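Some notes on the structure that comes next.
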Amino acid sequence: MPPARRFAPPATPPDSLLLVNFTFLYPLLSSNCQPVAAPASYHRLLDAPHFLTLPAYGFEGFTPAMRTQLQACNFRCRIYKVR
């Protein structure tokens, strides 16, 4: 039996991070964009386009109205860290 591996603890404890829009946004349950605001005590580490905002991905099971909404809302993936 191989020896147990030892892993270094993460540099940032997982409970100190807030992930926003890191899921597959389906189904779109609302006709509005529903922006998420992080508390003032959080510092933004990452702000990047959500992959579903790329036009080609909108054809994977989304209706024409949903594709329009994906483009209009301009969803972003964000990572925040507690200060």
Side-chain angles (χ1 to χ4, degrees):
M1 186 168 178
R5 292 186 186 194
R6 293 184 183 209
F7 295 99
T12 303
D15 59 348
S16 68
L17 298 175
L18 171 65
L19 303 176
V20 178
N21 288 337
F22 273 80
T23 62
F24 190 82
L25 306 171
Y26 186 86
L28 296 174
L29 298 175
S30 174
S31 59
N32 61 14
C33 298
Q34 300 178 338
V36 174
S41 62
Y42 283 68
H43 170 70
R44 188 171 55 219
L45 299 175
L46 174 92
D47 184 358
H50 191 283
F51 70 92
L52 286 177
T53 61
L54 301 172
Y57 288 105
F59 288 94
E60 297 292 327
F62 291 94
T63 65
M66 289 174 159
R67 289 194 290 271
T68 300
Q69 183 182 358
L70 285 170
Q71 293 301 308
C73 289
N74 191 30
F75 291 107
R76 310 284 297 172
C77 293
R78 293 188 176 112
I79 299 176
Y80 295 90
K81 181 180 177 186
V82 178
R83 292 181 197 219

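Predicted model only: the values in this text are computed from it and were never measured. All values below come from the heavy atoms of this structure, side chains included, with hydrogens, waters and symmetry mates left out.
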task = Please step through side chain to side chain contact (heavy atoms under 4.5 Å, CB included) for the pair Leu52 and Tyr26, ending with a clear verdict.
result = CA-CA 10 Å; Leu52 286 177; Tyr26 186 86; 6.0 Å; no
key: Leu19 CG to Cys77 SG distance, which is reported to the nearest 0.5 Å   = 9.5 Å
Geometric class of the Phe51/Tyr57 ring pair [parallel <30°, tilted 30-60°, perpendicular >60°] = perpendicular
ask   = Does Gln69 use its side chain to pair, donor to acceptor, with the backbone of Cys33 at less than 3.5 Å?
value = no
ask   = What distance do Leu46 atom CG and Tyr80 atom OH have between them, rounded to the nearest 0.5 Å?
value = 10.0 Å
message = Quick check: is Val36 connected to Leu25 through a chain of hydrophobic side chains (ILVMFWY, heavy atoms under 4.5 Å apart)?
response = no
key: Shortest non-hydrogen contact from Lys81 toward Leu45   = CB-CD1, 3.7 Å
ask   = Between Leu70 and Thr53, which heavy-atom pair has the shortest distance, and what is it?
value = O-CG2, 4.1 Å
ask   = For the residue pair Phe75 and His50, does the interplanar ring angle fall in the parallel (under 30°), tilted (30 to 60°) or perpendicular (over 60°) class?
value = perpendicular
ask   = Can any side-chain N or O of Arg67 pair as donor or acceptor with the backbone N or O of Phe62 at less than 3.5 Å?
value = yes
Any residue meeting side chain to side chain contact (heavy atoms under 4.5 Å, CB included) with Thr63, in chain and number order, not counting sequence neighbours = Ala65, Met66
ask   = What residues form a salt bridge (charged side-chain N to carboxylate O under 4.0 Å, His left out) with Arg76, not counting sequence neighbours?
value = Asp47
ask   = Of all residues at least two apart in sequence or in a different chain, which pass the side chain to side chain contact (heavy atoms under 4.5 Å, CB included) check with Pro39?
value = Leu18, Ser41, Tyr42
